[in-house]
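What follows is a single structure, written as structure tokens, with notes after it.
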Amino acid sequence: MPTRNTSDVIVVGAGVVGAACAHYAARAGLSVTVVDRGPVAGGTTGAGEGNLLVSDKEPGPELELALIATALWRELSDRLPPQVEYEAKGGLVVASDEPGMRALRAFAARQEKAGVTTQEVPEDRLHDLEPHLAPTLAGGFLYPQDAQVMPAHAAAQLLRAGAERIRLRLGEEVTGLLTGAAGEIRGVRTAAGEIHAPYVVNAAGTWGGALADLAGVHLPVLPRRGFVLVTEPLPRVVRHKVYAADYVADVASGSAALQTSAVVEGTPAGPVLIGASRERVGFDRTPSTEVLRRLAAGATALFPVLGTVRAIRSYLGFRPYLPDHLPAIGPDPRVPGLLHACGHEGAGIGLAPVTGRIVAACLTGDEPPLDIHPFRPERFADTGN
Amino acid sequence: MTASPSEPRARREPYDLAVVGAGSAGLAGAVTAAELGLAVALLDTSAQTGGQFYRHPAPALGAVRPEALHHDWSAYSDLRGRLAASDVTHLAGHHVWSTVREDDGTWTVHAVTGADGTSERPALIRARALLLATGAYERQLPFPGWTLPGVVGAGGAQAMLKSGLVLPGRRIVVAGSGPLLLAVASSLAAAGAQVPAVVEAAGYLRYARSPRALLANPAKAAEALLHGTALLRHRVPVRLRSAVTEVHGTDRVEAVTVSRLDADWRPVPGTARRIACDALAVGHGLVPQIELATTLGCATRRLPDGTLGLALDDLQETSEPGLWAAGETGGVGGAGLARTEGELAARAVAARLLGRRAGDGRIAELRRRRDRMRAFADVMSAAHAPGPGWQDWLSDDTDVCRCEEVGAGRIREAVAELGARDARTVKLLTRAGMGWCQGRMCGTAVACLAARGGTAEPPAERRPFAVPVRLSTLASLDEGAADPSPGAP
């Protein structure tokens, strides 16, 4: 159990990734202090839709992470209380024409080889899966492994399940890192004083670059803004996570300009969530009518029935974006004792458990569940400023 | 005044000034600006002008003397006459959901018309300057039984009376805090209801701590006296430092429990008394309705009663250049202050747009009057600030959020055990404030519970939708929605 100012490890960030790191470290027997300048789920976690997706990922290191995470989420859903709202609803990617369908088919074939389960849905079967879809679509692919959780509860319950091994220090901003004579980590300094531990995990999400700066290392995490449009509560009109094929291209793009693609899903509480937009505009919180217009247009094109439904709010968040679209996970060789677990862009909720497992393995000296070389945090050292 | 649909609109776009809200502040602002030569659009959700304070029956109801229910009706009829004589474009029935600053510095006001029926249409108004006069809404604090039929907002009861000439019950207890309660009780009694008690949580003693503000505001003192006499005439007892801490009844209100409060608003044990009634009109003051401005990032100031108002400069401009505000948006102060601020803002806008200095004698006079009434408003606001002990009225199963049916116990759990520290995370973890009203009803209570007895941070949320908007309306925003249909009441 952590004492007031000392523990085995300090996790900076009480979003879902920090919560998962603390959770798996606690399960490995370590005492953990979680520090956040705000509340639990106060940053990007609280602005997410809670997607656990394999469907939008190309074969490669991120898909490997996602496949392990999918299994871990299933296990967590038995362990955590029902408020987490884990739902293995499946994802449905639709194409509007035959060339789009051919592209989907080729993409799915490559994913199959990497271990993803896919199922082609011909045009005349789409409405068995989603009765309210527009009649003009060419077909789609079903991804039964895609699932959803309620992100704020996912973070809160992961922390709560760590019980007495996890101590929360909320509303405390980290202002500096404590280091020893050889530059090794000794803890963190906050406005309220010093906290001591031989390891610090940077799970500060979109603000992870700033924490790396405090440690004197370069990690170019940038905010990529996204809006979610929320409707009034409805009976279940959208059953899966449904999105248009161009979403995959937008996710993989690094463009700073505004991109939107239609992503529509229902929630257990009733409202339909509509995404997704991507733009690199810094931390600008000004709402954009143009983004909202495009999201509404995309959603009503997929589900014409939503036209008469009212939007009651929208929210925005800042995805933690790294230039190669891969997160930074693992020890930083430049600062002994510092580990990173940030930069997951729009996939942080989904990839949180596998990230937590990797971090816990690194802390206890166990073998991580996969090769973590692609995620090494120092990979941007030469390109930075 | 009201433009006909056939009138060519191009010459008026963009307007010099768009005014959102046709209550006292907005009306004064619109007519003043028009009289100074500006092209003005005045938008309001209602079919009629007057806002909440001068709410009156639709002509079809045939009320002979709507002014009988109103204090200072002549000030309103003066503004209404000037509006009729002006060339202000009055856009009635326009629900503004967003205001946006364009790249060229002008403003776009997005509204929908027909939002109450099925014929919702988007409207888009462009203007060089914007005046927000969106008023206030009533603050509610929950207590056991507050969701029973027969419990109505105090302001809501008065609005029902003013617009529809209907009473929420026959024997009505009026409770909560704030000067509105006396006005509501007077109106209800005058309209024939029995009012067994006015239950005011504050002591009114705090007014006495600022005698200078009182002496400088004879009109306010006279107004209170007027309500006082009306209450005396109808034999309505006023209980100070007391609150309704529980409502009784199965299908609707049958009685209320009234308890004495200590200085922190904690019920004093052994003081509970039951009062039979068939309705309860309750309210804890008013909350400035400022979400159009906070969504744009405007600076706010914390008011003495714990609510947020807009931070304004000496000439009513917000921290966003080109965006002015008047009336309750800067802090609740009543119709007289609202008129003064509306006129002051309009003169400041005219000076800016016409390239003149805003320093003439009339502006100086308005500023003096505004400062005097603002000082009184702040005293009033401090006197009615809820004490932290009101949370003791709540049991764990008292619904705090009515839309999503979230009880106080679940909110306390989110704060004590799940790491919520503010209204936003409470909302994420419990859904309190996520429903149809978007937390306008429960926002104060949730922020207080999240603060665990500390100072509640009133949420300055950015809300892209001040009113719900259909997705088809949103989706078609790029398809020439630039022709607003002026509503002719």
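Protein chains get the first letters and strands the later ones, always in sequence-line order, with residue 1 at the start of each. The figures here come from the full heavy-atom set of this structure, side chains too, leaving out hydrogens, waters and symmetry mates.
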- [ ] Between chain B and each of A156(A), G46(A), A152(A), A311(A), count heavy-atom pairs under 4.5 Å; write down the option with the most.
- [x] A311(A)

Open item on the list: I'd like to know which of L229(A), T231(A), V34(A) tops the heavy-atom pair count under 4.5 Å against chain B.
Closed with: L229(A)

Task: Proximal component of L170(A), with respect to chain B [non-hydrogen, under 4.5 Å] - done: both

TODO: Report yes if some heavy atom in the side chain of R431(B) is under 4.5 Å from a heavy atom in the side chain of C401(B); otherwise report no.
DONE: no

Open item on the list: A side-chain contact here means heavy atoms from C-beta on lying under 4.5 Å apart; do V264(A) and Y243(A) qualify?
Closed with: no

TODO: Compare all side-chain heavy atoms of T318(B) with those of L132(B) and state whether any distance is below 4.5 angstrom.
DONE: no

Task: Check: L428(B) and M434(B) side chains under 4.5 Å, non-hydrogen atoms - done: yes

Task: Top contributor to chain A interface from V469(B), L296(B), V467(B) [non-hydrogen pairs under 4.5 Å] - done: V469(B)

Task: Between T134(B) and Q289(B), a side-chain donor and acceptor under 3.5 Å - done: no

Task: Residue pair S7(A) / R167(A), side-chain heavy-atom distance below 4.5 Å - done: no

- [ ] Kindly say whether V238(A) contributes a backbone atom to a donor-acceptor pair with the side chain of E130(A) at under 3.5 angstrom?
- [x] no

Task: Choice from G42(A), P271(A), P233(A), G270(A) maximising heavy atom contacts with chain B below 4.5 Å - done: G42(A)

Open item on the list: Tell me whether H23(A) contacts the main-chain N or O of L158(A) through its side chain, where contact means a donor paired with an acceptor under 3.5 Å.
Closed with: yes

Open item on the list: Is P304(A) in contact with chain B via its backbone, its side chain, both, or neither, using a 4.5 Å heavy-atom distance?
Closed with: neither

Task: E102(B)/R126(B) ion pair, N-O < 4.0 Å - done: no

TODO: Anything in residues 408-416 of chain B with a heavy-atom distance to chain A below 4.5 Å? Please list those residues in order.
DONE: E413(B)

- [ ] Give a yes or no answer on whether the side chain of T425(B) reaches the backbone of A420(B) with a donor-acceptor pair at less than 3.5 Å.
- [x] no

Task: L316(A) versus chain B, the contacting section by heavy-atom distance below 4.5 Å - done: neither

Open item on the list: Over 60° means perpendicular and under 30° means parallel, so tell me whether F283(A) and F318(A) are parallel, tilted or perpendicular.
Closed with: perpendicular

Open item on the list: Is R160(A) in contact with chain B via its backbone, its side chain, both, or neither, using a 4.5 Å heavy-atom distance?
Closed with: side chain

Open item on the list: Just to be sure I understand the criterion: a residue of residues 285-301 of chain A counts if one of its heavy atoms is under 4.5 Å from a heavy atom of chain B. Which ones qualify?
Closed with: R285(A), T286(A), P287(A), T289(A), L292(A), R293(A), A296(A), A297(A), T300(A)

Open item on the list: Between L130(B) and L292(B), is there a side-chain heavy-atom distance shorter than 4.5 Å?
Closed with: no

Open item on the list: So Y15(B) and I125(B), do their side chains get closer than 4.5 Å, heavy atoms only?
Closed with: yes

